[in-house]
Amino acid sequence: VEIQTTSEIQVEEIGGYGGDWLVIDAARVSSRGTQGTGPREITSKADIGLLNALVRQRHTSPFQHGGLTFYVAAPIFVFREWRTHRIAMVQSVDDFAYNETSARYKQLEPLFYLPPADRPMMKREDHKAMRPVYDVADPAKLDDIRSTLIRSYEYAWKSYQYLLGEPSSVAPEIARCVLPVGIYSSMYVSCNPLSLMKFLSLRTHEPEAAFVSYPQWEIESAARFAEKMLETGWPHSYNAWKLAGRVI
Ligand SMILES: Cc1cc2nc3c(=O)[nH]c(=O)nc-3n(C[C@H](O)[C@H](O)[C@H](O)COP(=O)(O)OP(=O)(O)OC[C@H]3O[C@@H](n4cnc5c(N)ncnc54)[C@H](O)[C@@H]3O)c2cc1C
């Protein structure tokens, strides 16, 4: 089997529930004691002001009502970064839920990551460990990087096939040891608007943010898709979070 390569990182919305209205209804039970008005578009100044105040003053729990599920197809190294996000809720119940393709129960597909030409990856003179900034590779360097990656992907894939096939017939969970982190995997991710905002604070780079983060390029490109989903589903909460410096 020939290996395939791609630079695409796929993040697609599966479904969601809630919205700004649910954040507002949940927050207002505090002073009203009664049920809110339910699903609606938020337009009033008072409602938008409330969302701003909640974010600014870090009243986080109203943003834990509602949720979003999406499908991600990306290289395994992106998953490793993503899965460090948990958010502890009451009694340490994890808030981000993940289900990822198993390399015990399924042979992985021969799909591997190749960085696109515009992906900055060359170390600069002023490189700093926790604030890495890179330049794009010139065409000759890019060719060299890509052909080195392809050679090593091909070798790894051949070894995987060898171990899985006759006469080796090794358990898939052991055969996978030879595969690199550039191979693709897929997962379902669910989270709530609060956990998503926390995730976006760390996994996007915005020079204007209150706390500037320096995430890896690939997880940032995944995070930017997720950011669009927050913006669409919770537009005023999203604006409030941006106004507060992308922090909650
Ligand atoms: C640029 C960058 C580089 C990184 N490099 C590395 C690395 O080299 N190695 C590595 O291992 N990780 C690394 N990380 C992961 C990082 O250390 C965090 O684990 C990860 O970003 C999740 O952040 P979080 O805890 O804020 O997120 P979440 O787990 O989503 O938590 C959100 C919020 O809830 C709080 N929280 C969550 N769980 C608990 C708990 N049990 N008790 C109390 N409070 C809790 C957090 O403090 C945080 O405020 C890196 C992250 C970034 C953004």
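Whatever order the structure lists them in is the order used to number ligands and atoms, beginning at 1. Since this is a predicted model, take the numbers as computed values, not measurements. The figures that follow rest on heavy atoms only: side chains count, while hydrogens, waters and symmetry mates do not.
- Close approach of ligand 1 to Tyr214 is summarised as follows: ligand atoms under 4.0 Å from at least one heavy atom of the residue are 1 (C).
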Only pairs under 3.5 Å count here: list side-chain donor-acceptor contacts from residues 163-176, not counting sequence neighbours, and write none if there are none.
from   : atom 1 : to     : atom 2 : distance (Å)
Ser168 : OG     : Tyr162 : O      : 3.2
Glu173 : OE1    : Arg104 : NE     : 2.7
Glu173 : OE1    : Arg104 : NH2    : 3.3
Arg176 : NE     : Glu173 : O      : 3.1

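- In this structure, of Arg80, Glu81, His85, Arg131, the residue bringing a heavy atom nearest to atom 21 (O) of ligand 1 is His85.
- Here the shortest heavy-atom distance to atom 2 (C) of ligand 1, taken over Arg203, Met197, Gln216, belongs to Arg203.
- Under the 30°/60° scheme for interplanar angles, the aromatic rings of Tyr134 and His127 are found to be tilted.
- Atoms of ligand 1 found under 4.0 Å from any heavy atom of Thr84 (numbered from 1 in listed order, with element): 15 (C), 19 (O), 20 (C), 21 (O), 22 (C), 29 (O).
- Qualifying side-chain hydrogen bond (donor to acceptor under 3.5 Å, both in side chains) partners for Ser30, counting only residues two or more places apart in sequence or in other chains: none.
- The pair Glu218-Arg119 meets the salt-bridge criterion, with a side-chain N (NZ, NE, NH1 or NH2) lying under 4.0 Å from an Asp/Glu carboxylate O.
- A distance of 4.5 Å separates CG of Leu54 from CG of Leu50, quoted to the nearest 0.5 Å.
- At a heavy-atom distance under 4.0 Å, no atom of Phe199 approaches ligand 1.
- Arg80 and Glu100 are not joined by a salt bridge, as no carboxylate oxygen comes within less than 4.0 angstrom of a charged side-chain nitrogen.
- Per-residue contacts place Leu202 under 4.0 angstrom from the following atoms of ligand 1 (heavy atoms of the residue considered): 21 (O), 23 (O), 26 (O), 53 (C).
- In this structure, of Glu220, Met130, Lys198, the residue bringing a heavy atom nearest to atom 33 (C) of ligand 1 is Lys198.
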